[in-house]
Amino acid sequence: SGGTGALAQWVLVELQGEVEPRQSGDLAGSLLGDLHYTCEGVPVLIVGHHILYGKVVQLEKPFAVLVKRGGAPQPSPTGPHGHYSVTALIKTKLLFKTRPKPIITHVPKKV
Amino acid sequence: AALRSRAEVDATLQAAKLNPAELLPAVHCLSFDPQAGGGECCLLQLEPGLCAELEAGRSLVIRGEKDEHAVLCSRDKTYDMKIADTSNMLLFVPGCKTPEELKADLASCNIIHSQIAGFSNNYWELRRCRPKLKKLRKLLMEDPYEGPDSRKDQTSTFSKYTTEDLLSLIQASEEEILHQLEVIDACKIEGYWRILDFDYEMKLLNHVTQLIDSESWPLSKVPLCACLEELGSLEPREMIEHILLSYGRKYVDDGEVFFEMREDKICRATAQMLLQNAVKFNLSEFEEVWQQSVPEGMTTRLDQLQGLALVDRSSRPETILLLKVEDLPEDNQERFNSLFGIRKKWTEEDITPYIQDLCAEKQTVGALLTKYARSSMLNGVKVYNSRRPIS
């Protein structure tokens, strides 16, 4: 359902391929990277040793973010698959499609 | 994990050989919410109009039981739901600002720590579909209302359905459901939606038509009050009013309520009453009896029976039989299979009443025939038959 109050506006970040955690273990709680914008508004994402350049896209068909609501017992007759709430709308996405540029870290000279 | 500091961000920029002067001052440090990836969040792509509905505070509901494909319903439309896969990774980020928003608010904080709420490589796609209303009739037909004298009602163990019940069971929007209830002449009795048993319905109709005849009222001006007075001792007043509403058009003249009786609908119901008594009828005999059975002043016409009866002009003698479109399958392919099982070759004129309801928004009967049937010529007339062999 729509719910009370204005819906939050989120942003979609679209990346090519998979995102893998740096260390073993899953993604939850870990850092992804830094998101900058150039003065012209081009999004730049630094992920690990890669620089990704993207673009801001206004979505022709916005998305709703659905969250499954905890299952309260259904009144009879049996209800539908499950209850979902709309928690946010997404009208904008940051699309990163260009090949990531690797960051070559400068190894300091031994003195 | 500790939040990234400005110093760390600047160090990364330096290592990346990016010039801070070419960048907006604010940076988003993105990390994954500890709950992200739990499968709790998913994306739904919105068709035009749905976004505005949500922003206006209205609800969308997903409906479907375990054996049904889920549909999404707005207040007045129904959509099929399908998963669309993408080879890309989609991250949903709350509180992430666009360049325009950052430029508009230059005093904003330098570092924005954003937590990615979820991620996915698929999303739900919507496609507008016909509401799945056949089930509505099926549910209400489980226990048709036979009148207040029926002993069945008192001892009935059948399910009865309120509006809320129907909303949770039928894969259609509320408006589509309420509209269909009107179309099938359902009525609310003691809070439950009921369909009248056909025999009881005809009994009520006969009371009214006989009264019209004995009072010599014009068919276009049947007074509600007088009907309730004269018939109130025979049947419940709500039922008398219901039958007038079902078979007449209500209007007010000089402060009084009248009904203009619907000739086509009454003739059609009379035909159904006659046809349901046997498998097939001699067409000309039927037409004679039918005309005699309808109220004085009404004229029967075969086109009143579209979607109710099928005429066979190839047999000798010509025959007519009962075939109700609402008894046929709801699914397109199944409907066509069923029709071709009844008759191998159909003209467009004969088959149209039996496939009209399958047309999606902006779809024509012709398009359906092209898709599900094969055409050929028979005695100079274009006919349609099945694309596949019928076993």
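Residue numbering restarts at 1 for every chain, and letters A, B, ... go by the order of the sequence lines. Atoms considered below: every heavy atom in the structure, side chains included; atoms not considered: hydrogens, waters and symmetry mates.
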Atom pairs and distances, side-chain donor-acceptor, residues 55-66 of chain A, under 3.5 Å, sequence neighbours left out:
from, atom 1, to, atom 2, distance (Å)
Q58(A), OE1, T92(A), OG1, 3.3
K61(A), NZ, E47(B), OE2, 2.9

>> Apply side chain to side chain contact (heavy atoms under 4.5 Å, CB included) to residues I46(A) and L13(B) and explain how you reach the verdict.
In response: CA-CA 8 Å; I46(A) 307 178; L13(B) 278 178; 4.0 Å; yes
> Step by step, would you call L46(B) with L89(A) a side chain to side chain contact (heavy atoms under 4.5 Å, CB included)?
Replying inline: CA-CA 10 Å; L46(B) 299 172; L89(A) 291 176; 4.0 Å; yes
> Is there a side chain to side chain contact (heavy atoms under 4.5 Å, CB included) between L91(B) and L32(A) once you walk through the steps?
Replying inline: CA-CA 11 Å; L91(B) 311 172; L32(A) 174 69; 3.7 Å; yes
>> Apply side chain to side chain contact (heavy atoms under 4.5 Å, CB included) to residues V9(B) and H36(A) and explain how you reach the verdict.
In response: CA-CA 10 Å; V9(B) 169; H36(A) 298 268; 3.8 Å; yes
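Contact of L12(A) with chain B is made through backbone and side chain together, with heavy-atom distances under 4.5 Å. The part of E22(B) that comes within reach of chain A is its backbone (N, CA, C, O), which places non-hydrogen atoms under 4.5 angstrom from that chain. The part of A21(B) that comes within reach of chain A is its backbone (N, CA, C, O), which places non-hydrogen atoms under 4.5 angstrom from that chain. Contact of K93(A) with chain B is not made at all, since no heavy-atom distance falls under 4.5 Å. Proximity to chain A is limited to the side chain of L18(B), based on heavy atoms less than 4.5 angstrom apart. Contacts between V42(A) and chain B at a heavy-atom distance below 4.5 Å are absent for every atom of the residue.
Atom CD of Q14(B) has 12 or fewer neighbouring heavy atoms from other residues, nucleotides or ligands inside a 6.0 Å radius. For NE2 of H113(B), the number of neighbouring non-hydrogen atoms (other residues, nucleotides, ligands) closer than 6.0 Å is greater than 12. Applying the 6.0 Å contact sphere to CD of E182(B) captures no more than 12 heavy atoms from other residues, nucleotides or ligands. R128(B) CZ: more than 12 foreign heavy atoms inside a 6.0 Å radius.
Rounding to the nearest 0.5 Å places CG of L30(B) at 9.5 Å from CG of L31(A). The line from CG of L15(A) to CG of N121(B) is 12.0 Å long, rounded to the nearest 0.5 Å. Note that OH of Y37(A) and CD of E100(B) are 8.5 Å apart. Values are rounded to the nearest 0.5 Å. One distance of note links CG of N19(B) with OG1 of T38(A); it measures 11.5 Å at 0.5 Å rounding.
Of all heavy-atom pairs spanning V11(A) and C96(B), the tightest one is CG2-O, 3.3 Å. Taking every heavy atom of both residues into account, K91(A) and C51(B) meet most closely at CE-SG, 3.8 Å. Looking at every heavy atom in both residues, E40(A) comes nearest to K103(B) through C-NZ, 4.4 Å.
Heavy-atom pairs under 4.5 Å with chain A were tallied for P94(B), S114(B), C29(B), P48(B); the largest tally goes to P94(B). When the candidates N88(B), T98(B), L90(B) are compared by the number of heavy-atom contacts under 4.5 Å with chain A, N88(B) comes out ahead.
Side-chain contact between C41(B) and V67(A) is present, with at least one heavy-atom pair separated by less than 4.5 Å.
Using cut-offs of 30° and 60° for the angle between ring planes, the F92(B) and W10(A) rings count as parallel.
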